[in-house]
2 protein chains.
Amino acid sequence: MPEPRATPAPVTLEEVARVAGVSRATVSRVVNGVSTVDEELRELVTRAIVATGYTPNRAARSLVTRRAGAIGLVLPDEGRMLGDPYFGRVVSGVMDVTQPLGVQLVLTSAGTGTHQQVVSDLRQGRLDGVILIHTHAADPLPKLLIDNNLPVVLAARPVRPTPITYVDVNQLAGATLAAHHLADRGCYRVATITGPVSTTAAQDRLKGFRTTMADRGYPDVVAVEADFTHEGGATAMEELLVKCPDVDGVFIASDLMAHGALPVLRKHGLHVPDDVAVVGFDDSSPALACDPPLTTVRQPVEDMAAEMARLLLGRIERPDRPVSAVVFEPTLVVRQSA
Amino acid sequence: MPEPRATPAPVTLEEVARVAGVSRATVSRVVNGVSTVDEELRELVTRAIVATGYTPNRAARSLVTRRAGAIGLVLPDEGRMLGDPYFGRVVSGVMDVTQPLGVQLVLTSAGTGTHQQVVSDLRQGRLDGVILIHTHAADPLPKLLIDNNLPVVLAARPVRPTPITYVDVNQLAGATLAAHHLADRGCYRVATITGPVSTTAAQDRLKGFRTTMADRGYPDVVAVEADFTHEGGATAMEELLVKCPDVDGVFIASDLMAHGALPVLRKHGLHVPDDVAVVGFDDSSPALACDPPLTTVRQPVEDMAAEMARLLLGRIERPDRPVSAVVFEPTLVVRQSA
DNA sequence: ATGAAAGCGCTAACAG
DNA sequence: CTGTTAGCGCTTTCAT
């Protein structure tokens, strides 16, 4: 009688070994590409693998190798990240390196209660390491992970100097690029809209901008803090126009915020770039969606994300490898907003 | 002498059992919440677990339970998805249900060569099931998975009627909403910009729009196909204005495309909504970023994604559970573009 | 209600 | 170069 279509019995090493007439160890060697296997046997085993449709069981392998073959991407809890094109770029860059290696990418959102989850996942061996995105100053997770000696890479310079591996863009240099561009244009009164100053990215961009501007003879730069969102950018621009009605040049610390801010300028009858010149930061999709297209500081997010993945995988491979920091150089992309 | 700070030896069931003075089996029962354990022993074991800082090893558990405790989210290969706010909304909705359950969410991008990877991950037991996003007509993956009897949920109605579980929004109803709104406004000449017609979402929105428009006395509705991207929307609008210069009402099948199309209208000196009324689809962040804010058909993406996760988890739990389809109703969100 | 014992499928010494 | 053997840490009958 016909079997009630059940899940086919999974093929094991044992069975392949039987079919090929060798031991499990030999099959294992072939599967793992160990070079010390007789060419003839290898051939034989390979055929048996194909014939049986064998697929190795990861759990069994993990149990003995103590490797999960998976890394985590930890997002900030606020959830705002998911609406930012930055998120997709990071995912894309990370997957470019993990996918070909067969390493799984696990998404986790941080946040109260989830920290333990992350640490637990690491300790349970479900995750070999994690990439931490945009943790803010108060976040205890980085320290928690370092103290537990778990492989971790940060997507930004840590708030306090910490023996931790991270990848970042040279924020200061980026802000400097923006500052010079605005100064070169002959702006009279410049200002900036920053990200949350609890992040080093926002701090550095602000500092770099102010420093360079001071050098160029603009001692007073008004700054309004926002939250890296579209809406936040709009609100901040309204506020800025009140605080500083004669502004004619503004550096906005993310393209998404700039995209929110531009319509506010137009609403107030201000033309970009003639009345107010605007420089953004990121060079992500909103920059092109802006009207006019946004002049912005480009950070190579995909490349940076790929580098994070590589560094993490490297650390997992050899935990004794020293921590390191890789800093990418930003470039100015001139379009029409400034 | 002080130990060279090494990774602390992981605590096992064995050790907890020793500390509590019971057998491994009992500890296992306590950990898994089996009810037939003496209250006193349970208490004892619980204390031992805390004292030792025990965390169960997932690989060992998976090996015997044959459950990975992880599901996959498979994205279309084109990569365009990563730039779409839709992506973040899906992730958000799925994580809302997986995170509290301790189920891992693994990101995978489909694409040549990756299909095998996905099937393989499933068969290796690395993934208990997958959610497939926006697969297009020609994609062989859904069939591959069904044939292998693997748990899968689709994020849209399958192209051909297939015994598969899926979640969708009532596309026809959504398009009908848009059509009536434009007709009620008294538009004279209406048109539409569609998504890739290889997707059922695009097909249904087009069909629903045309059908309803015909009912309302507009037999000829010009349609231009685009790709659901910002840029594609802009290009399509240019094309549409050539094909149909007197258009005064257009249904654009995604907010992202609408966001790209609006500036084109303005560039041509056309005012929205006075000269041309525009209705979008999605109600995602670009709708609010539009100028003027976009009137659009809202689909509850987060809820839909959460439902997909629930359905998938249900199927994993009981594979014999019959396939099902859950269809959400869209609503019209009226703002200023129409 | 609890413990003993048998694996889950795989890798990694260690012999040979 | 290959096979034998001993687990990895956990769940799960099966006795008791």
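Naming convention: chains lettered A, B, ... in sequence-line order (proteins, then strands); numbering from 1 in each chain.
Put simply, the side chain of A:D121 never gets that close to the backbone of A:R126: no donor and acceptor are under 3.5 Å apart. A side-chain donor-acceptor contact under 3.5 Å links B:R315 to the backbone of B:R321. When atom types are taken as modelled, the side chain of B:D168 and the backbone of B:R157 share a donor-acceptor pair closer than 3.5 angstrom. No donor-acceptor distance shorter than 3.5 angstrom exists from the side chain of B:R89 to the backbone of A:G83, with no hydrogens or angles considered. Side-chain atoms of A:T162 come within 3.5 Å of backbone N or O of A:R160 as a donor-acceptor pair. Side chain of A:S324 to main chain of A:T165: no donor-acceptor pair is present (N/O by atom type, distance under 3.5 Å, no hydrogens or angles). With A:N32 contributing its side chain and A:V34 its backbone, the two residues share no donor-acceptor pair below 3.5 Å. The main-chain N or O of B:F87 is never found under 3.5 Å from a side-chain atom of B:D84 such that the two would form a donor-acceptor pair.
Against DNA chain C, the stretch residues 20-30 of chain B makes heavy-atom approaches under 4.0 Å through B:V22, B:S23, B:R24, B:A25, B:T26, B:R29. Annotation: proximity of residues 51-58 of chain A to DNA chain D (heavy atom, distance under 4.0 Å) is found for no residue.
Residues A:A60 and A:L41 each lie close to DNA chain D; by heavy-atom proximity, the contact nearer the 5' end of the strand is made by A:L41. Checking B:L63 against B:V37, the closest nucleotide of DNA chain C that is more toward the 5' end is the one next to B:V37. Comparing A:V31 and B:T36, the nucleotide of DNA chain C nearest to each residue sits closer to the 5' end for B:T36.
Contact footprint of chain B on DNA chain D: nucleotides with an atom under 4.0 Å from a non-hydrogen protein atom, first to last in 5' to 3' order, D:dG9 to D:dT13. First and last contacting nucleotides of DNA chain C toward chain B (any atom under 4.0 angstrom from a heavy atom, 5' to 3' order): C:dA1 to C:dG9.
Looking at every heavy atom in both residues, A:A70 comes nearest to A:V106 through CB-CG2, 4.3 Å. When all heavy atoms of B:Q99 and A:T108 are compared, the pair lying nearest together is OE1-CG2, 3.8 Å. Residue A:A156 comes nearest to A:Y166 through the heavy atom pair O-CB, 3.6 Å, listed as atom of the first residue, atom of the second, then distance.
Across A:L145, A:L144, A:V118, a single residue satisfies side chain to side chain contact (heavy atoms under 4.5 Å, CB included) together with A:L150, and that is A:L145.
When the salt bridge (Lys or Arg N to Asp or Glu O under 4.0 Å) test is applied to A:R310, the partners found at least two apart in sequence or on another chain are A:E307.
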Worked check of salt bridge (charged side-chain N to carboxylate O under 4.0 Å, His left out) between A:R42 and A:D38: CA-CA 6 Å; A:R42 179 189 302 284; A:D38 185 272; over 6 Å; no
Evaluate salt bridge (charged side-chain N to carboxylate O under 4.0 Å, His left out) for A:R47 paired with A:E43, printing each intermediate quantity in order. CA-CA 6 Å; A:R47 247 196 294 277; A:E43 184 64 22; 3.4 Å; yes
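Overall bending of the helix from C:dA1-D:dT16 to C:dG16-D:dC1, expressed as the angle between end axes built from five pairs apiece, is 30° (10° steps).
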